[in-house]
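Comments concern the structure below.
Whatever order the structure lists them in is the order used to number ligands and atoms, beginning at 1. Basis for what follows: all heavy atoms, side chains included, without hydrogens, waters or symmetry-related copies.
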Amino acid sequence: MSRIAYVNGQYVPHGQAQVGIEDRGYQFADGVYEVCEVRGFRLVDERRHMARLDRSLRELRMAHPMTPKALGIVMRETVRRNRVRDGIVYVQVTRGEMRRDFPFPPDGTPPSVVVTARSHDTVKLEKQAAEGIAVVTVPDIRWQRVDIKSVALLPNVLAKQAAREQGAREAWLVDDQGRVTEGASSNAWIVTRDGKLVTRPLSGDILPGITRSVVVDLIAREGLGFEERPFTVQEAYAAREAFVTSASQLVMPVVSIDGRPVGNGAPGLIASALRRDYHSQAEFS
Ligand code: PDD
């Protein structure tokens with residue numbers, strides 16, 4: 001089936017979709033993005049994703065391409081045209097196209113907007129969740145504002161590739177004090193021996209994951225023990241469970257870290273329960 005992309009006001013065949021070679025996203029990674037889950041043809045946690053996009057744009061003093069409501073319509077239409085039942089919708093906004101020059105282009109330069117959607121391989125994802133994934137740790141070499149969801153993802157690309165080359169699905173990024181910041185494309189969690197869920201607090205060091213925020217709400221609803229604090233790689237090695245959260249993987253159990261089994265080496269009970277119950281806490285639209 002042919003895929004359709006939305007590019008600056010038009011729906012075009014995916015293979016013909018393009019932005020100019022002097023787009024600032026291409027030249028400077030001067031752009032932001034969102035990845036929103038699609039489930040049963042509906043958007044999951046659209047409101048939170050739109051709020052984070054709004055924040056990313058404001059932090060970078062980038063123009064809003066359209067209202068959140070209009071963007072929601074485009075996202076839904078892109079999902080519809082691509083017949084995505086379960087998958088993701090991707091939104092990218094850049095500071096637009098202009099002759100290459102570092103400072104911002106003149107006011108009024110239209111931002112570039114691209115929206116794409118694609119289906120998950122749900123069988124593969126569920127198999128992964130049932131087996132759990134391996135992660136490896138690598139130094140976090142990113143800039144100090146990774147709370148902004150910018151398309152400047154080169155360190156993440158290198159970390160993922162390092163993971164791939166070691167037979168792992170995700171890389172956990174580690175700060176200069178030996179503490180895990182987050183995954184290359186996910187937030188990182190452990191469950192301690194005494195059953196407390198631990199994840200790093202929000203700051204410039206991590207992306208404020210939407211899935212993370214929903215899981216935090218789910219933990220509160222279920223009355224589970226929760227500590228928002230940094231944890232070290234050593235602590236993660238000794239954890240009872242570990243998992244990652246992201247819009248594309250939801251709650252994904254981690255069964256090994258740097259080749260060492262986590263707990264008994266199988267997906268943990270808490271991670272599996274959070275995955276099972278995730279959508280009861282999410283908002284559909
Ligand atoms: N990644 N941390 C990083 C560095 C991420 O790139 C992501 C998301 C997350 C999780 O955020 P959320 O729960 O809002 O998806 C954390 C997306 C899925 C991606 O780049 O494909």
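For atom 7 (C) of ligand 1, the nearest non-hydrogen atom from the set Pro155, Ser185, Ser246, Ser213 belongs to Ser185. Of the listed options Thr211, Val244, Val214, Thr181, Thr211 places a heavy atom closest to atom 13 (O) of ligand 1.
In this structure, the protein non-hydrogen atom closest to atom 11 (O) of ligand 1 is Gly209 CA, 3.4 Å. Ranking protein heavy atoms by distance to atom 8 (C) of ligand 1, first place goes to Lys149 NZ, 3.4 Å. Protein heavy atom in closest approach to atom 21 (O) of ligand 1: Val35 CG2, 3.7 Å.
For Ser186, every heavy-atom contact with ligand 1 shorter than 4.0 Å involves the backbone, none the side chain. The parts of Ile210 lying near ligand 1 are both backbone and side chain, judged by heavy-atom distances below 4.0 Å.
When only interatomic distances are considered, the shortest N/O to N/O separation between Arg212 and ligand 1 does not fall below 3.5 Å. Remark: ligand 1 and Tyr33 share an N or O pair separated by less than 3.5 Å (distance only, no angle test). Polar contact check, Glu182 against ligand 1: a nitrogen or oxygen pair lies under 3.5 Å apart. Ligand 1 has no N or O atom lying under 3.5 Å from any N or O atom of Leu207, backbone or side chain. In terms of polar-atom proximity, Arg52 is counted as a contact of ligand 1, with an N or O under 3.5 Å from an N or O of the ligand.
If you number the atoms of ligand 1 from 1 as listed, the ones under 4.0 Å from a heavy atom of Ala247 come out as 12 (P), 13 (O), 15 (O).
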Intermediate values then yes/no, side-chain contact (heavy atoms from CB on, under 4.5 Å), Arg81 and Tyr6:
CA-CA 10 Å; Arg81 289 188 187 226; Tyr6 172 90; over 6 Å; no
Would Glu283 and Glu46 count as a side-chain contact (heavy atoms from CB on, under 4.5 Å) here? Give the steps. CA-CA 8 Å; Glu283 194 177 281; Glu46 176 188 4; over 6 Å; no
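Within the model, atoms CZ of Arg61 and CZ of Arg95 stand 8.0 Å from one another, a figure rounded to the nearest 0.5 Å.
Other residues, nucleotides and ligands contribute at most 12 non-hydrogen atoms within 6.0 Å of the CZ atom of Arg85.
Put simply, the residue from Ile206, Val138, Val146 that forms a side-chain contact (heavy atoms from CB on, under 4.5 Å) with Leu173 is Val138.
Between Arg47 and Asp45 there is no salt bridge, since no side-chain nitrogen of the basic residue lies less than 4.0 Å from a carboxylate oxygen of the acidic one.
Glu182 places a side-chain N or O within 3.5 Å of a backbone atom of Leu207 that can act as its donor or acceptor partner. In this structure, the side chain of Arg240 does not engage the main chain of Val191 through any donor-acceptor pair within 3.5 Å.
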